[in-house]
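Computed from heavy atoms alone, side chains included, the values below leave out hydrogens, waters and symmetry copies.
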Amino acid sequence: MRPPPAEPHVEPSEDVRGLVSFRRRAHNRRNDVRSSGVPEDESVVSRETPTDTHAGHYADTPIAAAAERASQVLTPGGSGTLPRPARPRIMTVANQKGGVGKTTSAVNLAAGLAIHGLGVLVVDLDPQGNASTALGIDHRRPGIASVYEMLLDDVSLRDAIQQSPASDRLFCVPSTLDLAGAEIELVSMVARESRLRRSLDESVLAELDIDYVLIDCPPSLGLLTVNAMVAAKEVLIPIQCEYYALEGVGQLLRNIELVQAHLNKELHVSTVLLTMYDGRTKLADQVASEVRNHFGDTVLSTIIPRSVKVSEAPGYGMSIIEYDPGSRGSMSYLDASRELAQRAALEGGLA
């Protein structure tokens, strides 16, 4: 039987020879590392990586930097202290457009203020109860006193307040699904727009040493939102860095003007917070620029970036500061809470 013809010899291309040579060098390098007892990832470094192996240099890596930030946040007193207002600042967090970071901002700003030693009360005025969930309050528990009963004068503020497990300086008046029907029930009541203002007992706030009251509004301009605006002196508007978020702001401002004219002359927009900023898009920069041009100094210099961690945190009943204290989202909300408190210090009105 005749043997099969030999296959013609084909010279490998330059690319193939280079790849084989690279693999050989990498294989030899790994063998050298193993025989020397030095971990491979410590011996093979890029030209940009400093060769000094002292611990201090590792703080330049993203993971080490995040760990260092988290350690500082979680250390008692590590975040420092913030100036206290002379009397509780009552702020309504409002924007009738949904999905702009209203509840997320209310919860995380509250957590940021609390971690600096300030007393904070979050009033969850949204029937969905997301703020209550994020603060670790079981608002679905049967018989729990909520903001619904408080608005109807069935319970007092003292009875409705729940302490968040995240901090002994963080409190919440939870919301339940019953609140969805509150607007219908309030229609026939006397002074229906002022029910929340009358419920916020100043003696209870003083007893609990509350410095900030943040009212999380539903994504609408109904009676619940009007109650929040009548109860507060300041409005904090979170604005998502997208075009559609700008469309609803005009109507919100008109409603604020109506409340100012007829129900609460002291109400004003004190703070605008840019949220869900995506630095990869030009649109985010354009929206941020337009908002700053329109609102001027009321816009916080801190911008909240779009972050998966921020979205994950409520699922665990936590704020981002508790869930991932070293993340970009956590650092941004901490910076925003500091800026919020320090602006008050510059404008006066402190204890």
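Listed by first and then second residue, the side chain to side chain donor-acceptor pair (under 3.5 Å) pairs involving residues 90-99 amount to none (not counting sequence neighbours).
Note: Asp211 CG to Leu82 CG = 10.0 Å, rounded to the nearest 0.5 Å. Between the CG atom of Leu205 and the CZ atom of Phe171 there is a distance of 10.5 Å, given to the nearest 0.5 Å. Interatomic distance, CG of Leu151 versus CG of Leu179, reported as 6.5 Å (0.5 Å rounding). Residue Ile239 holds its CD1 atom at 11.5 Å from CD1 of Ile303, rounded to the nearest 0.5 Å. For the atom pair OG of Ser337 and CG of Leu118, the computed distance is 8.5 Å after rounding to the nearest 0.5 Å. With values rounded to the nearest 0.5 angstrom, Leu121 atom CG is found 11.5 Å from Gln162 atom CD.
With hydrogens and angles left out, the side-chain atoms of Ser319 and Glu322 include no donor and acceptor closer than 3.5 Å. When only modelled atom types and interatomic distance are considered, Ser105 and Tyr333 share a side-chain donor-acceptor pair under 3.5 Å. In the model, Asp126 has a side-chain atom that pairs as donor or acceptor with a side-chain atom of Gln128 under 3.5 Å. A donor atom on one side chain and an acceptor atom on the other are found under 3.5 Å apart for Asp216 and Thr103.
The pair Arg338-Asp335 meets the salt-bridge criterion, since a charged nitrogen lies less than 4.0 angstrom from a carboxylate oxygen. With salt bridges taken as basic N to acidic carboxylate O contacts below 4.0 Å, one links Arg306 and Glu242. Taking the charged nitrogens against the carboxylate oxygens, Arg169 and Asp209 do have a contact shorter than 4.0 Å, which makes a salt bridge.
When atom types are taken as modelled, the side chain of Asn108 and the backbone of Ser330 share no donor-acceptor pair closer than 3.5 angstrom. In this structure a side-chain-to-backbone donor-acceptor pair under 3.5 Å is missing from Glu290 to Val287. Side chain of Asn227 to backbone of Leu223: a donor-acceptor contact under 3.5 angstrom is found. Judged purely by atom type and a 3.5 angstrom limit, His262 has no side-chain atom pairing as donor or acceptor with the backbone of Gln260. In terms of modelled atom types and a separation under 3.5 Å, the side chain of Thr298 and the main chain of Ser270 share no donor-acceptor contact. Counting only distance, with no hydrogens or angles, the side chain of Glu193 and the backbone of Leu263 share no donor-acceptor pair below 3.5 Å. A distance-only check finds a donor-acceptor pair linking the side chain of His139 to the backbone of Ser175 [under 3.5 Å]. Without hydrogens or angle criteria, Ser164 side chain to Leu135 main chain gives a donor-acceptor distance under 3.5 Å. When atom types are taken as modelled, the side chain of Ser199 and the backbone of Arg195 share a donor-acceptor pair closer than 3.5 angstrom. Judged purely by atom type and a 3.5 angstrom limit, Asp201 has no side-chain atom pairing as donor or acceptor with the backbone of Arg158.
Exactly one residue among Leu253, Thr271, Val93 makes a side chain to side chain contact (heavy atoms under 4.5 Å, CB included) with Ile237. That residue is Leu253.
Residues Val272 and Leu221 fall within the same hydrophobic cluster, defined by Ile, Leu, Val, Met, Phe, Trp and Tyr side chains chained together at heavy-atom separations under 4.5 Å. With hydrophobic clusters built from ILVMFWY side chains whose heavy atoms lie under 4.5 angstrom apart, Leu177 does not share a cluster with Val173. Both Tyr277 and Val249 belong to a single network of hydrophobic side chains, linked directly or stepwise wherever heavy atoms of I, L, V, M, F, W or Y lie under 4.5 Å apart.
For CG of Leu258, the number of neighbouring non-hydrogen atoms (other residues, nucleotides, ligands) closer than 6.0 Å is greater than 12. The environment of Glu202 atom CD is sparse: at most 12 non-hydrogen atoms of other residues, nucleotides or ligands sit within 6.0 angstrom.
Pairing each heavy atom of Ala341 with each of Leu113, the nearest pair is CB-CD2, 4.2 Å. Here the closest non-hydrogen pair linking Val155 and Asp159 is CB-CB, 4.2 Å. Closest approach of Arg343 to Val299, counting heavy atoms only: NH2-O, 2.8 Å. Summarising the geometry of Val122 relative to Ala131, their closest heavy-atom pair is CG1-CB, 4.4 Å, with the distance given to 0.1 Å.
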